[in-house]
2 protein chains.
Amino acid sequence: MATLSDVARRAGVSPATASRVINGSSKPVTDELRERVLQAVAELQYVPNAHAQLLARSHRGPVGVIVHDVSDPYFSEITRGLQRVATDQGRLLMICNSYRDPDRELEYVELLRGHQVAAIILAGSGYHDAEFIRLLNGKLAAYEATGGRVAVIGRHEHSGDAVMPDNRRGAWLLGQEMCRLGHERIGVVAGPRVLTTTTDRLTGLREALAEHGRRLPADRVRYAEFDRDSGAAATAALLDAEPGLTAIAALNDSMAIGALSLLRSRAVSVPEQVSVFGFDDMPLARDVTPTLTTIRLPLVEMGARAMALALDAGDGSPRVESLAAELVRRDSSGPPPG
Amino acid sequence: MATLSDVARRAGVSPATASRVINGSSKPVTDELRERVLQAVAELQYVPNAHAQLLARSHRGPVGVIVHDVSDPYFSEITRGLQRVATDQGRLLMICNSYRDPDRELEYVELLRGHQVAAIILAGSGYHDAEFIRLLNGKLAAYEATGGRVAVIGRHEHSGDAVMPDNRRGAWLLGQEMCRLGHERIGVVAGPRVLTTTTDRLTGLREALAEHGRRLPADRVRYAEFDRDSGAAATAALLDAEPGLTAIAALNDSMAIGALSLLRSRAVSVPEQVSVFGFDDMPLARDVTPTLTTIRLPLVEMGARAMALALDAGDGSPRVESLAAELVRRDSSGPPPG
DNA sequence: AGGTGCCAGGTAAGCGCTTTCCCGCCCAGA
DNA sequence: TCTGGGCGGGAAAGCGCTTACCTGGCACCT
């Protein structure tokens, strides 16, 4: 691999001069030397060693992102927002998938810290696990203590900058809508119990139902993984236990789609017999049949805001941006009564 | 940020010793010193500076991946495969989205080279652009000349290791199936002209049709972006120009889903009036209505194989793994005749 | 002509780590 | 008691780059 000295030697200048022309230092260099250096760079196909550069300037480079799984549409939308802002500012992203393993998340924080990333962004639901939170906060604090920046998306654990989708309010809207449509017997396909997203959404839903004097018995809530197939399985269990359900609220769209698919396989018509509600409004919610009534979260926007927070130091006081959720009525919930 | 010297000082040992215990060198260290060092590491929350490490050993670290867009399911599936193998081998991935911009792709190659990645994986269709290919090959050659490894997925340009989905054969299967089902008037929603994927698939399709004595006039092929909305628009154009079409082949699933959505909005029933075919078999092909008949590509497998190739040096001779495509019959193509 | 500034360019000191080489110690053998 | 070998530990030389600091030469002034 050609080094800066190779370039300098070939151009007949000192490494200092070569360095100056290569990264456009403020120090002026005569056109002639500049030309020779550029020539040498081209001939040797020289590319500066990024590690050496980062070591020498003590300037931090890329931004680290920890998500549960980029191939999950929820996260790919967020990532798209992150990317957009990062790219605008000429930052490279290092994306790490924790696959919902808290330990891996911890490891990645260390790893990113070691890579001197300018900021770490944690996206996706947090966990109900005091020990984990303690460890995570410890590591993040150590990172921030040395000038690193941290922003989280949809997590309560961290006390610094955060972008928070209003899960609770969104779920409340969902509950309101279900009551408005006259549903009494409601089943809920929830996400993993350990995730705060699950409990936030469940809380909002319960609040709305309570306002209408309805309760949500424990056996009407099934906890499952946040994916399609688990959603289908949970729906099956719900239906088996309580055949009279008129509505199923899945706490994310993937699971709602699983529910739809299961209902179809059992020849239960949606929305005539059972209404289905999702959460997140992923792009494909428009493409399933019937189209999915759901709560829209501005995912791309959330990513963009988080990156903006992470890259802008601010005055040190924690900034929390709450983004509103919105009800999107489509066909899976049927027409309004009357 | 705590450094190795800080740790050494605190433990009362030399940096050399500290380094040895921290990364388990072969050189033995007494238990007592080891203990003191570990203690200091914990107290200082020390994390080695990855850049300094990479500089000092001249060992290359992470693997660079260049895709068109991770939030496109096609690439997120591939990425999942890449991740799996990379994680197994303890490698970090640097994922770069080119957003289908060849220039950005070129930039990313340089950038990854500068970051001393152990390998570069280029995923996604190549371009029909001689100048671009020349430049790209130049940069890749420079990288490989210094020991870097390169693997491509679905690209003809590169002469080294490659994983190739059999697009042409897949499209041929599609064409066969369309003929078998008796379609005469076929419209094609193709991807961007500049992509080799588009031309490969078109070629395979034409071959199959030709075997049955059918031609595909130029005005029956509409070129669009590989996304849902472009697919819908192209379908509209196709239908307007030729209302008698009985089948629409979209060259990827996203576009096919766009086509489905447009047909629904025009109250054209699928498959009764028009059959729709996709390509790739993305997960959501099962969830749209009607479910999508498509050509399955083993995307995750492709990613995994590519990473395996990239991480295993081999004997230097180029290895090309061709992965078979497979027809998946679902509802959008209707029942077989008779 | 000698002095004063400037400015292009070079010299060298790190950035934080790994690793080679060397040193001093201890124990076995004579 | 002396020597040789082995072994744990430290000193120091880089890895490839940036940058503060210095130098030498020129133009301009007095």
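Treat the numbers as computed from the prediction; the structure is a model and nothing was measured. Chain letters run A, B, ... following the sequence lines, proteins first, then strands; residues in each count from 1.
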Using only modelled atom types and a 3.5 angstrom limit, is any donor from either the side chain of B/Arg20 or the base of D/dG8 paired with an acceptor on the other?
no

Choosing from D/dG10, D/dC17, D/dT18, which nucleotide comes nearest the side chain of A/Ser19?
D/dT18

Could you identify which residues of residues 1-11 of chain B place a heavy atom less than 4.0 Å from some atom of DNA chain C, listed by residue number, or say none?
B/Thr3, B/Leu4

Does A/Thr17 put a side-chain nitrogen or oxygen below 4.0 Å from OP1 or OP2 of C/dG10?
yes

Gap between atoms CG and P, on A/Leu44 and D/dG16 respectively (whole Å)
14 Å

Phosphate OP1/OP2 of D/dT18 contacted by A/Asn23 side-chain N/O (<4.0 Å)
yes

Side-chain N or O of A/Ser14 closer than 4.0 Å to phosphate OP1/OP2 of C/dT11:
no

A/Arg36 CZ to C/dA8 P, straight-line distance once rounded to whole Å:
16 Å

May I ask you to list the residues of residues 50-57 of chain A, by number, that have any heavy atom positioned under 4.0 Å from an atom of DNA chain C?
A/Leu55, A/Ala56

Any Lys/Arg nitrogen of B/Lys139 or B/Glu110 sitting under 4.0 Å from an Asp/Glu carboxylate oxygen of the other?
yes

Hey, is the side chain of B/Arg34 pairing donor to acceptor with the base of D/dG8 inside 3.5 Å?
no

For B/Asp161, the option from B/Arg305, B/Arg155, B/Arg319 that meets salt bridge (Lys or Arg N to Asp or Glu O under 4.0 Å)
B/Arg319

Let me know the distance between CD1 of B/Ile22 and P of D/dG9, rounded to the nearest Å.
15 Å

Options D/dT19, D/dG9, C/dC17, nucleotide nearest the side-chain atoms of B/Thr30:
D/dG9

When rounded to whole Å, the CG to C1' distance for the pair B/Leu33 and D/dC7 reads 13 Å

